[in-house]
Amino acid sequence: MLECISEHACFGGVQGFYRHASTEIGLPMRFAVYQPPQAKERKVPVLFFLAGLTCTEETFMIKSGAQRYAAHHGLMLVAPDTSPRDTGIPGEADSWDIGTGAGFYVDAMQSPWSAHFRMESYVVHELRALILQSFPARSDRLGIFGHSMGGHGALVLALRNPEIYASVSAFAPIASPVNCPWGQKAFSTYLGADEASWRQYDASELIKQSIIPYPQGILVDQGLSDKFLEEQLRPHDLESACQTAQQPLTLRRHAGYDHSYYFISTFMEDHIAFHHQNLNK
Ligand SMILES: N[C@@H](CCC(=O)N[C@@H](CSC=O)C(=O)NCC(=O)O)C(=O)O
């Protein structure tokens, strides 16, 4: 059962915000959908956007400026929330890089997180099925992209499910979470001490384990004035993994750009066009 929170006319289409009772999460979850004008006439390809730490389902839709380009190309945009909320886990909202707003798009294996923090299954299975059932969406034309923690999520969910997602890109992704403080904190909390399980959620490791899952290429943009660049994001790890595995990667480094949505909105047109091209092959 889908509850509409609000809907707004936007570039000839509809920007909506919705709530539903999630079985994977075991709690209500909210998400946002932009339906382009073409969706009034036919089913359209869908692009999922995974947002970063501290974000909600609203952040991307309010700040990225993506709707103009999605309307032009006839792409539906879907943005889930970044974690379960109000789970009752003690201290769940005490820290901005763990718990609330910081689900890391994994299925937690450690108590107490494992009861609700199932963001991988939520995004890949439950939300995808709900979108296909409730909106004019093409099941055979799905792409995924994201920013920072969500860039990690997009890369990892795509690499773990290349048969589902035909196209993947990222803005300033956490490219090797096993090697950075954010990833080590999240993975030890959600997955436990066994680092073998961490590697299954690390894009740079997964690239090395795969046989060119995206021969059409992966697009990544990274600002060089990003305060998280060296310690947390580590794009060079993704670059060297792609070189080793011969996975085509377009990694664009941009002088002067930081980690914000000003950076994301600057290059959004390119990402939407990239996915449009991949999803219409
Ligand atoms: N509180 C933090 C800053 C948090 C932040 O920068 N969040 C980013 C994602 S970071 C990685 O996932 C974000 O997208 N914020 C939303 C926004 O509107 O910019 C700090 O103290 O540095």
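Order of appearance sets the numbers: ligands from 1, and atoms from 1 within every ligand. Just so you know, these numbers come straight off a predicted model, no measurement behind them. Keep in mind that the numbers below use all heavy atoms, side chains included, and drop hydrogens, waters and symmetry copies.
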By the rule that ILVMFWY residues connect when side-chain heavy atoms come within less than 4.5 angstrom, directly or transitively, which residues belong alongside Leu229? Leu224
Looking at Gln232 and Trp182, would you say the former's side chain and the latter's main chain have a donor-acceptor pair under 3.5 Å? yes
Please tabulate, line by line, the atom pairs linking an N/O of ligand 1 to a protein N/O at a distance below 3.5 Å, with the distance in Å to 0.1, or answer 'none'.
{"from": "ligand 1", "atom 1": "7 (N)", "to": "Leu53", "atom 2": "O", "distance (Å)": "3.0"}
{"from": "ligand 1", "atom 1": "12 (O)", "to": "Leu53", "atom 2": "N", "distance (Å)": "2.8"}
{"from": "ligand 1", "atom 1": "12 (O)", "to": "Ser148", "atom 2": "OG", "distance (Å)": "2.8"}
{"from": "ligand 1", "atom 1": "12 (O)", "to": "Met149", "atom 2": "N", "distance (Å)": "3.0"}
{"from": "ligand 1", "atom 1": "18 (O)", "to": "Lys63", "atom 2": "NZ", "distance (Å)": "2.4"}
{"from": "ligand 1", "atom 1": "22 (O)", "to": "Lys227", "atom 2": "NZ", "distance (Å)": "3.1"}

Lys185 atom NZ: more than 12 heavy-atom contacts under 6.0 Å: yes
Taking side-chain hydrogen bond (donor to acceptor under 3.5 Å, both in side chains) as the test, write out the residues that go with Asp107, two or more places apart. Ser121
Please identify which of these residues, Phe117, Tyr105, Phe31, meets the side-chain contact (heavy atoms from CB on, under 4.5 Å) condition with Tyr122. Phe31
Who pairs with Tyr262 by side-chain contact (heavy atoms from CB on, under 4.5 Å), at least two apart in sequence or on another chain? Ser260
